[in-house]
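To keep things clear, I will list the structure first and then write my remarks on it.
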Amino acid sequence: MNILQTIFKDHYEEMLYTLHPRQAVIDNVDKMINCGDPSFGGAMYACSKCGNLKFVPFRCKSRFCPTCGVKYCQDRSNAMAFKLIQCTHRHCVFTIDEELRLFFLEDRSLLDYLFYAVRSVILRMFYQMNKSKNFVPGFICVLHTFGRPLEWNPHIHCLITEGGFSDDGFWRVVKHFNYTFLRKSFQTALLDEMEKRIGPSFKKTKALIYKKDSNGFYVYAKPNLCDTQTVVKYISRYLGRPVIALSCIDSYDGETFHYNRHEDNVFVQKTIPALDFISLLIQHIPAPHYKMTRYYGLYARHRNNDKQLKKAIHPSKHKFILSYSKWRNNIAASFGYDPLCCSKCKATMTLTDLYFKHKRVSLEEMYERSMAKIKCRSA
């Protein structure tokens, strides 16, 4: 049991009756606490030579779990990388005023408008470059609701191609991004959408925000991402990380965690009560099936088969790259040993049974279930 599981298990009842969390929070916390517990099922492997047995418990697959979150991050990064076009990308971050954060916390459906505002602004910026050609970029938006101190801070990370593809098949390289336009247009688009949703009561807040942020919301860019390997590495390291890594939790006695401050990269260590620490973390758990990553422009689903666009990673390499995200290969790459190598005779162990909800499922039954699913899909 890792330190995060211990913290939540020790304060579970207190969390329920003091913080009154959402149902999505309760479901994800339950999964995380029981992640890797053999009583919830697993896979049995056996060695055909010496008969040695090994039981591997199931994981929870929750994005909130720091262990499963890393695997989810890896899978999502691969999905992003397979869509990328062979060109230079720019990483832009769209932030909002602190006064607006509470609106998104109280009504999480407003988070959709962050995506809508970023999409409309980027497409409009490229459209204005040449209206007759209608240049369309490819961009991927990822929602982060947390900052390094774990506070509620919704913002959008956007990976944008430095170029656009026209309707007549012409690619135009774009090196200059008008950040003044992005800041002011993003501010206007978001505030207009929020006023439509919230109603006339938002007008006073809207006027105060315009007066306070006369230059628009803060939009800044990370260094250009030129080659494919740099882009893929950057995506996996930054755009898809869990809320907190176990390595950032220093002690459990009044929770102590650390981070490097964004403004000046100074090391900061904070110690807060357990319930406050739990409250910081669970506020970032999204609603079930909520899409935190969205693809637009050339990366939208209806443009995936555009053969005129050269992909950064050739489809022939997809299967090879995905093989590294398999459980067995992941363990071997991370810890330097084969988990299916028999500890006694060094032979390769094979799957014999699955156990789920305290019931044994044979390989024959697994095969019949998979065939039945295939028939249902094809019908």
Side-chain angles (χ1 to χ4, degrees), residues 15 18-29 63-64 92-124 139-158 179-220 239 241-244 259 262-263 272 275-294 296:
M15 178 194 74
T18 304
L19 300 179
H20 306 291
R22 295 169 288 131
Q23 187 59 46
V25 171
I26 298 173
D27 294 340
N28 278 274
V29 170
R63 285 182 285 181
F64 182 64
C92 294
V93 183
F94 294 80
T95 65
I96 62 174
D97 190 280
E98 292 183 10
E99 302 292 335
L100 296 177
R101 294 177 185 177
L102 188 60
F103 288 95
F104 293 92
L105 182 60
E106 293 178 345
D107 184 3
R108 291 173 181 262
S109 65
L110 289 174
L111 293 171
D112 285 332
Y113 296 114
L114 288 172
F115 287 104
Y116 300 158
V118 172
R119 175 185 176 274
S120 65
V121 167
I122 292 176
L123 290 178
R124 198 188 333 162
F139 54 107
I140 304 171
C141 294
V142 181
L143 172 65
H144 278 195
T145 58
F146 54 90
R148 294 182 183 180
L150 303 182
E151 85 283 12
W152 177 258
N153 179 19
H155 55 281
I156 296 287
H157 291 263
C158 189
Y179 287 100
T180 300
F181 171 83
L182 290 177
R183 286 193 294 267
K184 292 187 176 181
S185 297
F186 175 61
Q187 180 190 51
T188 301
L190 180 61
L191 292 177
D192 287 347
E193 291 287 352
M194 292 180 68
E195 184 181 0
K196 290 178 185 177
R197 175 59 188 268
I198 298 172
S201 61
F202 185 71
K203 286 187 176 180
K204 186 176 180 180
T205 303
K206 182 179 177 181
L208 290 174
I209 294 296
Y210 272 125
K211 185 176 180 180
K212 180 182 177 183
D213 302 308
S214 57
N215 294 322
F217 290 153
Y218 186 43
V219 177
Y220 63 98
L239 294 185
R241 59 192 175 93
V243 177
I244 191 170
Y259 62 92
H262 185 271
E263 294 81 6
I272 58 177
L275 207 60
D276 291 343
F277 180 70
I278 289 173
S279 180
L280 280 177
L281 293 180
I282 63 176
Q283 66 182 335
H284 303 296
I285 296 177
H289 311 297
Y290 187 79
K291 294 181 179 180
M292 304 288 282
T293 304
R294 305 187 187 187
Y296 299 109

| field | Distance, nearest 0.5 Å, that separates CD1 of I198 from CD of E106 | value | 9.5 Å

| task | Measure the shortest side-chain to side-chain distance between C141 and H157 over non-hydrogen atoms and say whether it is less than 4.5 angstrom. | result | no

| field | Ion pair D112/R197, N-O distance below 4.0 Å | value | no

| task | Ignoring hydrogens and angles, tell me if any N or O in the side chain of T18 forms a donor-acceptor pair with the backbone of M15 under 3.5 Å. | result | no

| request: Could you tell me whether E98 atom CD has more than 12 heavy atoms of other residues or ligands within 6.0 Å of it? | output: no

| request: State, yes or no, whether a side-chain contact exists between T95 and Y220 at a heavy-atom distance under 4.5 Å. | output: yes

| field | From L100 atom CG to L110 atom CG, the distance as rounded to the nearest 0.5 Å | value | 10.0 Å

| query | So do Q187 and N215 actually touch side chain to side chain, heavy atoms under 4.5 Å? | reply | no

| message | Strictly below 4.0 Å, N to O, side chains only: are D213 and R183 in salt-bridge contact? | response | no

| message | Check the orientation of H284 and W152. Use parallel for under 30°, tilted for 30 to 60°, and perpendicular for over 60°. | response | parallel

| query | Could you give the distance from NZ (K184) to OG1 (T180), rounded to the nearest 0.5 Å? | reply | 7.0 Å

| What's the spacing between L150 CG and I272 CD1 if we round to 0.5 Å? | 7.5 Å

| said: Check the orientation of Y113 and Y116. Use parallel for under 30°, tilted for 30 to 60°, and perpendicular for over 60°. | reply: perpendicular

| query | Is K211 atom NZ crowded by more than 12 heavy atoms from other residues, nucleotides or ligands, each under 6.0 Å away? | reply | no

| request: Might you point out which heavy atoms bring P149 and L280 nearest each other, and give the distance in Å? | output: O-CD1, 4.3 Å

| Checking ring pair (Phe, Tyr, Trp, His ring centres under 6.0 Å) against F186, which of Y179, Y218, F94 comes through? | F94

